[in-house]
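Have a look at the structure below, then the notes.
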Number of protein chains: 2
Amino acid sequence: MAKETKIRNMEEFASASGLSRPTVSKYFNDPHSVRASTRERIEKALQEYDYRPNIYAVNQNRKLTKNIGVVVPYLADPFFAELARNVEQRCIDAGFRPTLYSAHGDPALEVEILESLRLLKPAGVLMAPLGRGSDRRAVEKFCADVPTVLFDSDIPDLGLGFIGSDNAQFARLIVDYLSRTGEPPCFFEMKKPVNPNANKRRQGYIAAVEALGLTPNVVSVDGEGWSFEQIGREGGAKALAEGAFSTRSVLCSNDRLAIGFLAACYEADLSVGMKDSDAIRVSGMDDHPFSRFTCPPLTTIAQDYDSISRYAVEALFHVIEGADTKRSRALFEGRLIMRQSA
Amino acid sequence: MAKETKIRNMEEFASASGLSRPTVSKYFNDPHSVRASTRERIEKALQEYDYRPNIYAVNQNRKLTKNIGVVVPYLADPFFAELARNVEQRCIDAGFRPTLYSAHGDPALEVEILESLRLLKPAGVLMAPLGRGSDRRAVEKFCADVPTVLFDSDIPDLGLGFIGSDNAQFARLIVDYLSRTGEPPCFFEMKKPVNPNANKRRQGYIAAVEALGLTPNVVSVDGEGWSFEQIGREGGAKALAEGAFSTRSVLCSNDRLAIGFLAACYEADLSVGMKDSDAIRVSGMDDHPFSRFTCPPLTTIAQDYDSISRYAVEALFHVIEGADTKRSRALFEGRLIMRQSA
DNA sequence: TGAAAAACTTATCGCGCGTAAATTTTTGAT
DNA sequence: ATCAAAAATTTACGCGCGATAAGTTTTTCA
């Protein structure tokens, strides 16, 4: 369908469609800002010639680009990959160009990403920070220049909003379930968790157990970084060997830790499940994409991916459109996913 | 450290450092193209003022940008996340700006990515195609305009090179091992695999088994898309129920399928492992990041991430520098990872 | 010490587009 | 049909930088 004559710029395309360049420019900024008859002429010309505006020239002159930066802490975790996919799609639907970055667990890389993101002059940024490892000062400086909404992991008072999960509710939900159907759970976590969610979950666990008039039992294991499964397996093996768990029910701080802990149970020849003959019950939190395929399938709390991504994007767009000024904040409840592990 | 006076453009930065703009421009294109003393003056000025060239203005005028597109088929698979991380880091080290895109298993999205990538005028693109689902015509058209190197999954004769794994060798390696240590394996796969690697693996399996004077047994199950674990579990349960496997050893076409198959074995109450008391041995291919945490840990073939990413990037840079013309092609051998599942 | 080579400066153009201000066309109520 | 207001369009200018030519200064090295 495309004609021989190559269109080199908007000028040529404008004359090819019998209009002036600024009119065509207006069209590309907002197709509905030109008269219907004009719009039809342009779109007819677009069929014949496959012209697209040069994004570099466009972005050089526009005060605000249509770029959205999406930053996640660790893309090798499918949880973040899924979250990022959700968020990206919503940005595209809203007519923006999302670009995905992963800090790969490295604080220095996170700072580099912000620096290179600044050069892109994005309309806004959706950032799931590393958490404890994040360079607060660097993030703060970035947020001062670029409209940024945090998600998944909060850095208090930073950015224009935070959207995440109600970790205390997560803990209540599963503690109640586990206590109702058997022994109350012990809590299994990393001693130095990478992000604040882990702390909120521990506090939620303790509060929920105490609310039932029981005594909490928190088992914290060594290990740093983002190799949660590894840490869960090694720490789990050690804790099991030491008899650290006061009950036969273990609530892991997150699913990846639980996956590692399941491996430790397997190695220790402990059958996992909710039957009387089973040695231990194991549960996690997050509804990690792989948790339904563990042996046994993992009982967990599902994060509300959909609401989190939707609200995060909406919050950002509110800010971009200059609607709000006060920092928004929303926490979403989780849903109990009952599987065979507990 | 940064001074009060904000630098707005290269002109101002040049005079602030006591040089002319063209000289500063030369520096940013290649720091070693200016005299050492000049370089020092610029770098000293860079310490005081945090000026960076406007990338939109730069890319508008440069014939070739420093952008590299990285396209993977399914980012929720940690295997691709890891591969992408490798590739990205190498691009950064070479002074380029990689941007990561995932087709999320969707052929239409893959085409969209290529179209939006074309607007970025990248110096080159590293692409792991969807495979069977890829729009050959669209990819071909893209490759004609942008230097592209394929990796992981080949589309014959497309792009300027392909870097991947020697799937036949993968199959030989593990068939020999499994046959040597017990019954020869059956081959478990999807009837309609998403990419050509699966076919190469099946062929390699058949050839390897026949070379041992044995009879191959291929079990192909229904299911489309990228939910391999799901397909492995459902197809595996069905195949096990039907007694489709002629031996007590199963080689899965890839680790994700194997993870699903392990779940099916668990549900069927079949103990997996290499002990005499175990009912079945299961193995996979890829050394998926999670395969060491399955129950039992999965015996598999490790892809040579490092070599694949290194060669893919190198091949692309050769092309960018205008060195080669002929399509390069390299296949890397896998390494047997012996774990407890087989 | 001096000439060639290298590096730098000045001057100018062009890239492809956004955008304010000026002008034209269209709309809608009389 | 008329005319002012609203909408659409055109004119004119600027964005920040790459690239190049011609002239000037600095460095290199015999």
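None of the values given here were measured: they were computed from a predicted structure. Residue numbers begin at 1 in each chain, while the letters A, B, ... track the order of the sequences.
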Tell me which of S20(B) and P22(A) sits closer to the 5' end of DNA chain C, going by the nucleotide each one is nearest to.
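Between the two, 5'-proximity favours S20(B).
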5'-most by nearest nucleotide on DNA chain C - Q60(B) or R39(B):
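First, find each residue's nearest nucleotide; the 5'-ward one identifies R39(B).
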Nearest-nucleotide 5' precedence on DNA chain D, H32(A) against E11(B)
H32(A)
Atom [atom1] of [X] to atom [atom2] of [N]: distance rounded to whole Å?
X	N	atom1	atom2	answer
N29(B)	dT20(D)	CG	P	11 Å
I55(A)	dC15(D)	CD1	P	22 Å
R35(A)	dT24(C)	CZ	C1'	10 Å
E12(A)	dC15(C)	CD	C1'	13 Å
L119(B)	dG16(C)	CG	P	14 Å
R62(B)	dC17(D)	CZ	C1'	10 Å
K26(B)	dT20(D)	NZ	C1'	12 Å
Y56(B)	dC17(D)	OH	P	14 Å

Could you check whether the side chain of R21(B) and the base of dG18(D) have a donor-acceptor pair of N or O atoms closer than 3.5 Å, going by distance alone?
yes
Under 3.5 Å, is there any donor-acceptor pair linking the side chain of N61(B) to the base of dG14(C)?
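Answer is yes: a donor-acceptor pair is held.
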With the threshold set at 4.0 Å, does a side-chain nitrogen-carboxylate oxygen contact exist between [X] and [Y]?
X	Y	value
E82(B)	R85(B)	yes
R327(B)	D154(B)	yes
D306(A)	R90(A)	yes

Categorize [X] for me: base, sugar-phosphate, or nothing, with a 4.0 angstrom heavy-atom threshold over every strand shown.
X	answer
S25(B)	sugar-phosphate
N59(B)	nothing
Y51(A)	sugar-phosphate

Residues in side chain to side chain donor-acceptor pair (under 3.5 Å) contact with D157(B), at least two apart in sequence or another chain:
none
Tell me whether the side-chain N/O atoms of [X] come closer than 4.0 Å to OP1 or OP2 in [N].
X	N	result
T23(B)	dT9(C)	yes
Y27(B)	dG18(D)	no
S33(A)	dA8(D)	no

Any side-chain heavy-atom pair from F162(B) and L331(B) closer than 4.5 angstrom?
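Touching, per the 4.5 Å side-chain cut-off.
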